[in-house]
Amino acid sequence: VYNAACFACHGAGVGGAPKMGDAAAWKPRVAQGAATLNKHAVEGYQGSAGYMPPKGGRVDLSDEEIIAAVDFMVGKSG
């Protein structure tokens, strides 16, 4: 899922997306808690740093797949 839906933005930091592996960029997002982070990934979010489309624009993916991808990115960015 990361390669198919997340990498395009989170690989390069497009649109303010925190790059996977960038602990400093992920820290304030992780500090909001998993429920908030997952909600923003699933439902979308407009923040001061940019825009996260619902499910990264891949509305064909399940909520569980998106949440697993978020967990993967956070795990690689801590």
Side-chain angles (χ1 to χ4, degrees):
V1 171
Y2 171 78
N3 288 333
C6 309
F7 177 76
C9 294
H10 290 280
V14 173
K19 292 183 201 178
M20 188 167 76
D22 184 346
W26 280 96
K27 186 175 181 177
R29 291 164 173 89
V30 171
Q32 296 177 19
T36 298
L37 194 59
N38 292 333
K39 178 179 178 177
H40 291 169
V42 170
E43 296 178 7
Y45 180 74
Q46 175 69 53
S48 60
Y51 172 68
M52 167 72 188
K55 297 185 178 184
R58 289 291 307 271
V59 294
D60 58 310
L61 297 172
S62 71
D63 292 358
E64 292 77 18
E65 288 171 311
I66 296 298
I67 291 168
V70 170
D71 290 344
F72 173 75
M73 287 187 286
V74 168
K76 297 286 187 180
S77 303

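These values consider heavy atoms only, across backbone and side chains, with no hydrogens, waters or symmetry-generated copies.
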Main-chain N/O of Pro18 paired with Asp22 side-chain donor or acceptor, under 3.5 Å
no
When the side chains of residues 52-59 are checked against the rest of the protein, which donor-acceptor pairs come out under 3.5 Å, sequence neighbours left out?
residue: Lys55; atom: NZ; partner: Leu61; partner atom: O; Å: 2.7
residue: Lys55; atom: NZ; partner: Asp63; partner atom: OD1; Å: 2.9
residue: Arg58; atom: NE; partner: Asp60; partner atom: OD1; Å: 2.9
residue: Arg58; atom: NH1; partner: Ala4; partner atom: O; Å: 3.4
residue: Arg58; atom: NH2; partner: Asp60; partner atom: OD2; Å: 2.8

Table please: side-chain donor-acceptor pairs of residues 66-78 below 3.5 Å, with sequence neighbours left out.
residue: Ser77; atom: OG; partner: Gly21; partner atom: N; Å: 2.7
residue: Ser77; atom: OG; partner: Trp26; partner atom: NE1; Å: 3.4
residue: Ser77; atom: OG; partner: Met73; partner atom: O; Å: 2.7

Measure across Ala24 and Pro28 and return the closest heavy-atom pair with its distance rounded to 0.1 Å.
O-CD, 3.3 Å
Exceeds 12 heavy-atom contacts within 6.0 angstrom, atom OH of Tyr2:
yes
Counting distance only, does the side-chain N/O of Glu43 pair as donor-acceptor with the main-chain N or O of His40 below 3.5 Å?
no
